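Below is one structure, written out as structure tokens, with a few remarks after it.
Source: prediction; values computed, not measured. All ligand and atom numbering here is 1-based and tracks the order in the structure.
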Amino acid sequence: MKARRLRLAVLGSTGSIGMSTLDVAARHPDRFEVAALTAHTQVDAMLAQCERFRPRVAVMASADHAQVLAQKLKEKRLQTQVDQGLRAIEQIASDEAVDVVMAAIVGAAGLAPCLAAARAGKRLLLANKEALVVGGALFMRAVREGGGALLPIDSEHSAIFQSLPEDPAQWAARIDKIILTASGGPFRTRDAATLREVTPHQACAHPNWSMGRKISVDSATMMNKALEVIEAHHLFGVPPDRLQVVIHPQSVIHSMVQYKDGSVLAQLGTPDMRVPIAYGLAWPQRIESGAARLDFGALQHLTFEPADTPAHRVRFPGLALAWHALRASEGTCAVLNAANEVAVQAFLEQRIRFDQIHAVNEATLAAVAPNNPASLGDLLELDARARAKALVKVKHLAPSV
Ligand code: NAD
Ligand code: MG
């Protein structure tokens, strides 16, 4: 008997991961039906996706943009229903008529829909790392209680997941260490004293990956790797002292698991997010992703360097904050994430300098005493409090740009 097609909802469908997800899904019309799409403000991109994929529902987080989309769909006589606001995105994430949810919203804004999908027991493909950094314990509990599957989409975490035994009950006894690889981003060899001159355009020009602007800046500061260390801690239940980062500029090895006997398993591939996306969509099967294959004849060398040399500690001061926050408390991770979102936005809008992103993060960590967040409400309150403090610091720094 032919299996029923899986009904896919893509949260953040107009972004980099959202578009790659639709690219993979479109290669397998026999397996996936695009049931729902959500975006923030990009009406034209959403309209084009509705024309191509004919989803049942499209949600715009912004009400004004939802109205414009509804009008344009009507003009084209398309049947897609338009909804608006974060609540509607949560509704999509837990909808009975959806089987698979791709969480590709950027930032803590994606936390509530992720929790809704987890609680509803969906197959949840998690790209939105900030949701896990902010909501770690609550999130993982929701996944367990919801009884669905959580598939990491971040390339490092997909690599780790692919290198681990299928049964999570085996992980703790077998893992010695998790080694996350990092490309080092565009400023790996740059003189730290010149980082103050970096423009948003330079920070977003990643050598190996093409991504949204926020994660591109995070990769340039290596805060992306800090967030990924926290993400790995929650996904795989590994304590902070067993999480290591190594710089690997070619981005061919996507991450590794070192076992108790000294064996290391790694996952390799070209740097193309369609590989982890295809893995998450089809797991435990494998499907065509569209990605180019590695050419071992042409691969001259794979190189590695420690991430914690004195020079890198000056160049990438944010990386160490992951271990600081993990050892401090769950709330500290949420504060760090909020500060970083505010700081990156301020840098992209040229209100602060590149090297001041870290100053905002440190000042916010020092200024906010985190409560012990036990609910989504507690987390959102803490997130808002940390954002307010981070903004004060941004305003204080602003005249120096
Ligand atoms: P992006 O900026 O390209 O896209 C973000 C999407 O989220 C867009 O569709 C946007 O409309 C939507 N969105 C933004 N703010 C929103 C809000 N407040 N409410 C509702 N929707 C909102 O980002 P991206 O590069 O696709 O990254 C998405 C997530 O995936 C991030 O958490 C990022 O860290 C993670 N990720 C991305 C990559 C990558 O290669 N791009 C790799 C690993 C992990
Ligand atoms: Mg990653």
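Side-chain contact, N337 with E130: no donor N or O sits under 3.5 Å from an acceptor N or O. Judged by distance alone, the side chains of Q356 and R351 never bring a donor and an acceptor atom under 3.5 Å apart.
Taking the six-membered ring for Trp and thresholds of 30 and 60 degrees, F187 and F354 have ring planes more than 60 degrees apart, a perpendicular arrangement. Aromatic ring pairs are classed by plane angle as parallel below 30°, tilted from 30° to 60° and perpendicular above 60°; the pair H254 and W209 is tilted.
A salt bridge is defined here as a Lys NZ or Arg NE, NH1 or NH2 lying under 4.0 Å from an Asp or Glu carboxylate O, and D308 with R313 fails to meet this definition. Classification of D23 and R274 as a salt-bridged pair holds, one side-chain N sitting under 4.0 Å from a carboxylate O.
The closest approach of D154 to the Mg ion (ligand 2), by N/O/S atoms, is made by OD1.
Here the Mg ion (ligand 2) is the vertex; the OE2 atom in E228 and the OE1 atom in E156 give an angle of 100° (to 10°).
Checked options K122, R56, R7; the residue passing with D95 is R56 (criterion: salt bridge (Lys or Arg N to Asp or Glu O under 4.0 Å)).
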Would you mind listing each N/O atom of ligand 1 next to any protein N/O under 3.5 Å, plus the distance?
{"from": "ligand 1", "atom 1": "3 (O)", "to": "S16", "atom 2": "N", "distance (Å)": "2.9"}
{"from": "ligand 1", "atom 1": "9 (O)", "to": "G12", "atom 2": "O", "distance (Å)": "3.2"}
{"from": "ligand 1", "atom 1": "9 (O)", "to": "T14", "atom 2": "N", "distance (Å)": "3.3"}
{"from": "ligand 1", "atom 1": "9 (O)", "to": "T14", "atom 2": "OG1", "distance (Å)": "2.8"}
{"from": "ligand 1", "atom 1": "9 (O)", "to": "G15", "atom 2": "N", "distance (Å)": "3.1"}
{"from": "ligand 1", "atom 1": "11 (O)", "to": "T14", "atom 2": "OG1", "distance (Å)": "3.4"}
{"from": "ligand 1", "atom 1": "11 (O)", "to": "H40", "atom 2": "N", "distance (Å)": "2.9"}
{"from": "ligand 1", "atom 1": "11 (O)", "to": "Q42", "atom 2": "OE1", "distance (Å)": "2.9"}
{"from": "ligand 1", "atom 1": "25 (O)", "to": "G212", "atom 2": "N", "distance (Å)": "2.8"}
{"from": "ligand 1", "atom 1": "26 (O)", "to": "S16", "atom 2": "N", "distance (Å)": "3.1"}
{"from": "ligand 1", "atom 1": "26 (O)", "to": "I17", "atom 2": "N", "distance (Å)": "2.9"}
{"from": "ligand 1", "atom 1": "30 (O)", "to": "A127", "atom 2": "O", "distance (Å)": "3.3"}
{"from": "ligand 1", "atom 1": "32 (O)", "to": "E130", "atom 2": "OE1", "distance (Å)": "2.7"}
{"from": "ligand 1", "atom 1": "41 (N)", "to": "S16", "atom 2": "OG", "distance (Å)": "3.3"}

